Novice: 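Got a structure for you, written out below as structure tokens; questions coming shortly.
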Amino acid sequence: MTQTLIELSDEQMKIIEEMATKRHLTIIEFIKEKLGQFLLNETRKPDVQQKQRALSVAGRFKSGLHDLSTRHDDYLAESLRL
């Protein structure tokens, strides 16, 4: 096993601590888990079936919003507000 030292901003550390606490993990357990997930996602070859399934539903649903293509970020932000 290799050890490494990284520097995080105070804000990054605060967020990591909060997320680890919510999941009942130590900070190092949380970082190892998330790094493992990231590496798996980055090195995984695209699943051809998954891509085709996603493409098959594109354009099949209507939002009723006529400006969705230009204001998608605004609508996303509105939906994420608590």
Side-chain angles (χ1 to χ4, degrees):
M1 190 168 285
T2 302
Q3 290 186 351
T4 189
L5 175 69
I6 61 170
E7 292 184 24
L8 302 172
S9 70
D10 292 339
E11 183 64 23
Q12 288 172 323
M13 192 62 194
K14 180 181 175 188
I15 292 169
I16 289 171
E17 287 172 343
E18 290 172 358
M19 294 175 82
T21 300
K22 285 180 184 177
R23 303 223 24 237
H24 306 289
L25 297 172
T26 65
I27 291 170
I28 194 64
E29 289 170 333
F30 179 79
I31 290 172
K32 284 181 176 182
E33 179 183 296
K34 292 303 174 188
L35 181 58
Q37 290 171 355
F38 171 79
L39 293 173
L40 181 64
N41 288 337
E42 287 295 311
T43 58
R44 185 182 299 161
K45 294 180 182 174
D47 180 9
V48 174
Q49 283 184 334
Q50 185 178 17
K51 184 177 179 181
Q52 288 190 351
R53 281 180 33 222
L55 289 173
S56 72
V57 299
R60 296 181 95 183
F61 303 95
K62 296 191 184 299
S63 68
L65 302 170
H66 301 289
D67 59 351
L68 183 59
S69 65
T70 56
R71 292 196 54 226
H72 50 80
D73 289 340
D74 297 331
Y75 290 118
L76 178 62
E78 285 175 20
S79 72
L80 295 177
R81 287 191 191 124
L82 298 177

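Worth saying up front: this structure is predicted, and the values here are computed from it rather than measured.
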Novice: Does Ser69 have any side-chain hydrogen bond (donor to acceptor under 3.5 Å, both in side chains) partners at least two apart in sequence or in another chain, and if so, which?
Specialist: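 With neighbours one apart ignored, the set is empty.
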Novice: For residues 60-72, pull every pair meeting salt bridge (Lys or Arg N to Asp or Glu O under 4.0 Å), keeping only residues two or more places apart or in separate chains.
Specialist: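 Of all non-adjacent pairs touching residues 60-72, those that pass salt bridge (Lys or Arg N to Asp or Glu O under 4.0 Å) are Asp67-Arg71, Arg71-Asp74, Arg71-Glu78.
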Novice: Under a single-linkage rule joining Ile, Leu, Val, Met, Phe, Trp and Tyr whose side-chain heavy atoms are separated by less than 4.5 Å, which residues share a cluster with Leu39?
Specialist: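 Direct or chained contacts put Leu39 with Leu35, Phe38.
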Novice: Under the rule for side-chain hydrogen bond (donor to acceptor under 3.5 Å, both in side chains), what residues qualify as partners of Gln37, not counting sequence neighbours?
Specialist: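 So Gln37 forms a side-chain hydrogen bond (donor to acceptor under 3.5 Å, both in side chains) with Lys34.
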Novice: In the hydrophobic clustering (ILVMFWY, side-chain contacts below 4.5 Å, transitive), which residues join Val57, or is it alone?
Specialist: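 Cluster partners of Val57: Phe61.
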Novice: Apart from Leu25 itself, what residues make up its hydrophobic cluster when side-chain heavy atoms of I, L, V, M, F, W and Y under 4.5 Å apart count as a link, directly or indirectly?
Specialist: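 Joined to Leu25, directly or through intermediates: Ile6, Leu8, Met13, Ile15, Ile16, Met19, Ile27, Phe30, Ile31.
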Novice: Can you name the residues that form a salt bridge (Lys or Arg N to Asp or Glu O under 4.0 Å) with Glu33, not counting sequence neighbours?
Specialist: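 Checked Glu33 against salt bridge (Lys or Arg N to Asp or Glu O under 4.0 Å); matches are Arg23.
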Novice: Tell me which pairs pass salt bridge (Lys or Arg N to Asp or Glu O under 4.0 Å) where either residue lies in residues 8-22, with sequence neighbours left out.
Specialist: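 Sorted pair list comes back empty.
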Novice: Going by side-chain hydrogen bond (donor to acceptor under 3.5 Å, both in side chains), name the residues that satisfy it together with Thr26, two or more places apart in sequence or in a different chain.
Specialist: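 Thr26 satisfies side-chain hydrogen bond (donor to acceptor under 3.5 Å, both in side chains) with Glu29 once adjacent residues are dropped.
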Novice: Test question: given the 4.5 Å side-chain rule for I, L, V, M, F, W and Y, name all other residues clustered with Tyr75, or answer none.
Specialist: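 Via sub-4.5 Å side-chain contacts, Tyr75 links to Leu65, Leu68.
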Novice: Got a sec, which residues hit salt bridge (Lys or Arg N to Asp or Glu O under 4.0 Å) with Asp73, two or more places apart in sequence or on another chain?
Specialist: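 In terms of salt bridge (Lys or Arg N to Asp or Glu O under 4.0 Å), with neighbours along the sequence ignored, Asp73 is linked to no residue.
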